[in-house]
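Written out below as structure tokens is the structure these notes cover.
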Amino acid sequence: MSVSSTVFLGTPTEKTSDGFEDTYLFDVSRVYKGDLASVTSVGTLANGNGCGTSYVLGTAGYAPSAGGTPSVGVSADRSTVIGGGAAVALLAVLGWFGWKRRRAQ
């Protein structure tokens, strides 16, 4: 919470989108940090892409734990992990051949 200017608990009630950014309207039930009205809006990249997120309308969030550290959840399917590993291995082999070739000249 130390890096956030505002921390609140609320329920998303509406969503609008321009295709790039989604804007959610929240009914604020509790403010932990900052100064908010009883209704506020939050913008995020559309459809949870990039660093964006998405919310389910009508469902409340959860209260932050005191003194907790922020966490980021990352998930990847098996094919992504295998493909990433193969790409790293290929780059390592190509780098080794390039190093060998430069050394031989």
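A quick note: this is a predicted structure, and the numbers were derived from the prediction, not measured. Side chains included, hydrogens not; waters and symmetry mates left out as well; all remaining heavy atoms used.
- The cluster map of Ile, Leu, Val, Met, Phe, Trp and Tyr, joined by side-chain heavy atoms under 4.5 Å apart, puts Val31 and Tyr24 in the same cluster.
- The neighbour count for Asp35 CG, taken as heavy atoms of other residues, nucleotides or ligands under 6.0 Å away, does not exceed 12.
- Rounded to the nearest 0.5 angstrom, Glu14 CD and Leu57 CG are separated by 8.5 Å.
- Of all heavy-atom pairs spanning Asp18 and Glu21, the tightest one is OD1-N, 2.6 Å.
- Cluster membership check: Tyr55 shares its hydrophobic cluster with Leu36, using side-chain heavy-atom separations under 4.5 Å among Ile, Leu, Val, Met, Phe, Trp and Tyr.
- Taken from OG in Ser29 to CG in Leu9, the straight-line distance is 3.5 Å, to the nearest 0.5 Å.
- Separation of the Phe26 and Phe8 ring centroids falls under the 6.0 Å cut-off.
- Using a 4.5 Å heavy-atom cutoff, the side chains of Thr23 and Val42 are not in contact.
- Here Asp27 contributes atom CG and Thr11 contributes atom OG1; the two are 6.5 Å apart, rounded to the nearest 0.5 Å.
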So Asp22 and Thr44, side-chain hydrogen bond (donor to acceptor under 3.5 Å, both in side chains) or not? Walk me through it. CA-CA 5 Å; Asp22 293 340; Thr44 183; over 6 Å; no

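- Using modelled atom types, no side-chain atom of Ser38 and backbone atom of Val28 make a donor-acceptor pair closer than 3.5 Å.
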